Amino acid sequence: MTKNSSAPRGLAPLYLAGFTTAFGAHGVASVLGSENDEIGMSLLGLGLVLALYDLAEVVLKPLFGALSDRIGAKPVIIGGLVTFAVASAVAFVMPTVLVLALARLGQGAAASAFSPASSASVARLAGKQRLGRYFGRYGAWKSLGYVLGPLLGILLTQWAGIAAVYAALGTLAIVAAVWVALAMPALPVLPRTRTTLVDLAREITARGFLVPTLMLATSTAVIGVAVGFLPLLATRLELPPILGAVAVAVLALVSTAVQPLAGRWRDEGRISTRAGSAAGLFLAAAALVLLAVAPGAVTMLIAAAAFGLMTGIVTPLAFAHLADVTPDARMGRTMGSAELGREIGDAGGPLLVGAVATAWTLPAALAVLGGVSAASGAIGWLALRRSGSTAESQSGSTAE
């Protein structure tokens with residue numbers, strides 16, 4: 001890929017694919033929660049149905065990422081989007097409890113296919129010179145899906161019922177699939193050397209992979225806690241319920257605005273993965289401690305903005321670093337494994353805070369997560385000692 005000012009062909013439909021999976025994850029979750037009584041699910045049933053999406057992603061993302069390396073990313077993306085549309089269509093036609101559960105599982109499995117393949121395609125289409133810029137834009141569109149998904153889902157449900165949400169998701173997926181088929185170039189399948197279990201273990205423990213993935217997992221853990229626990233904190237403080245939703249929206253909007261900027265600065269050499277990611281995680285740690293010692297309306301909004309700034313910095317820097325140190329022949333597998341790390345963080349953060357809050361207090365739990373965030377930032381600062389993509393590539397070359 002030569003360095004020029006024009007955008008690589010085929011990236012725009014990948015942005016729509018990223019928006020679609022984010023809308024599907026958070027939009028459907030918010031609608032199922034708000035319509036739970038009318039649907040007739042128990043609270044345990046609701047929790048299980050919501051977890052099916054993430055469960056499918058945890059199990060399948062590395063597998064589909066590796067498949068995209070073997071047969072090409074484009075057919076995996078198209079197949080995943082079409083499957084997502086089919087699962088949405090089934091829920092549109094027959095929105096019963098069982099069908100909604102199966103549709104949630106089907107959507108999660110489909111997203112497990114096109115999400116890591118899309119990330120790998122962004123990396124290969126952007127080229128090494130512009131990884132940060134285009135991962136920033138891709139991440140910004142996903143963040144936009146996370147913040148608009150619940151709002152659009154609830155509005156569509158109030159306007160035409162829960163089936164309208166699935167109709168919208170199915171339409172988005174089909175549009176994205178057709179757009180990918182027409183606009184995205186077919187990236188050639190590259191020769192791959194045979195990989196043993198020892199080689200795989202060496203890859204996933206190499207500093208160039210493990211440290212950025214740890215940072216991604218930590219940032220996602222903080223975001224998962226913020227989305228789930230900021231509304232609860234507002235209720236505990238007897239603040240207006242809308243404040244929790246506003247805080248989450250602030251988080252997502254800041255992240256959306258910051259990601260393209262952080263990615264561009266990374267490409268221009270104005271910020272490194274080491275300095276930027278560590279600073280973002282230290283900022284999140286400080287915000288969590290602030291919430292723990294001085295909870296209130298103002299500190300909630302300050303913390304939400306800090307969390308958004310953290311994820312807006314860490315996400316494009318870490319993904320660009322991973323793409324920079326990974327050979328194109330196994331880009332899909334690396335992206336799938338990295339996204340698995342994010343899913344583990346997304347589940348582990350709320351579990352950690354929930355367990356500590358149950359045994360102790362919610363402020364103490366937030367402080368504990370702050371310590372985890374600071375520790376992750378310190379590990380990144382120490383482990384990524386050398387700056388510059390060349391040095392970082394050398395540090396990750398042991399994975400090959």
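The model shown is predicted, which means the values in this text are computed figures rather than measured ones. No hydrogens, no waters, no symmetry mates; every other heavy atom, side chains included, goes into these values.
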Query raised in the report: Is any side-chain heavy atom of Q129 closer than 4.5 Å to a side-chain heavy atom of D267?
Result: no
Requested in this report: Kindly determine whether M335 and T326 satisfy side chain to side chain contact (heavy atoms under 4.5 Å, CB included), including the steps that lead there.
Outcome: CA-CA 9 Å; M335 291 301 163; T326 301; 5.9 Å; no
Query raised in the report: Which salt bridge (Lys or Arg N to Asp or Glu O under 4.0 Å) pairs, counting each pair once, include a residue from residues 346-356, with sequence neighbours left out?
Result: none
Query raised in the report: Just by modelled atom types, is the T220 backbone N or O under 3.5 Å from a matching donor or acceptor in the R342 side chain?
Result: no
Requested in this report: Can you sort out the partners of S376 under side chain to side chain donor-acceptor pair (under 3.5 Å), two or more places apart, ordered by chain and number?
Outcome: T218
Report task. Walk me through it: do L60 and L63 pass the test side chain to side chain contact (heavy atoms under 4.5 Å, CB included)? Result -> CA-CA 5 Å; L60 296 175; L63 299 178; 4.2 Å; yes
Query - Pairing residues for A275 by the side-chain contact (heavy atoms from CB on, under 4.5 Å) criterion, not counting sequence neighbours - result: S272, W381
Query raised in the report: Is there any side chain to side chain donor-acceptor pair (under 3.5 Å) pair reaching into residues 305-315, and which pairs are they, with sequence neighbours excluded?
Result: T311-T315
Query raised in the report: By side chain to side chain donor-acceptor pair (under 3.5 Å), which residues pair with S119, not counting sequence neighbours?
Result: E339
Report task. Would you check if the side chain of S373 reaches a backbone N or O of L281 as a donor-acceptor pair within less than 3.5 Å? Result -> yes
Query - All pairs passing salt bridge (Lys or Arg N to Asp or Glu O under 4.0 Å) where residues 246-264 contributes a residue, at least two apart - result: R264-E268
Query raised in the report: Once you round to the nearest 0.5 Å, how far does CG of L131 lie from CG of D324?
Result: 5.5 Å
Report summary line: Residue pairs meeting side chain to side chain donor-acceptor pair (under 3.5 Å), one or both in residues 166-190, sequence neighbours left out, come to none
Report summary line: Those residues at least two apart in sequence (or on a different chain) that pass side chain to side chain donor-acceptor pair (under 3.5 Å) with Y53 are T21
**Report entry** Residue list, side chain to side chain donor-acceptor pair (under 3.5 Å) with Q107, at least two apart or on another chain
**Finding:** S88
Query - For E238, all residues meeting salt bridge (Lys or Arg N to Asp or Glu O under 4.0 Å), sequence neighbours excluded - result: none
Query - Residue pairs passing the side chain to side chain donor-acceptor pair (under 3.5 Å) test where at least one lies in residues 287-305, sequence neighbours excluded - result: none
**Report entry** Any residue meeting side-chain contact (heavy atoms from CB on, under 4.5 Å) with Y15, in chain and number order, not counting sequence neighbours
**Finding:** L11, Y134, R137, Y138, W141
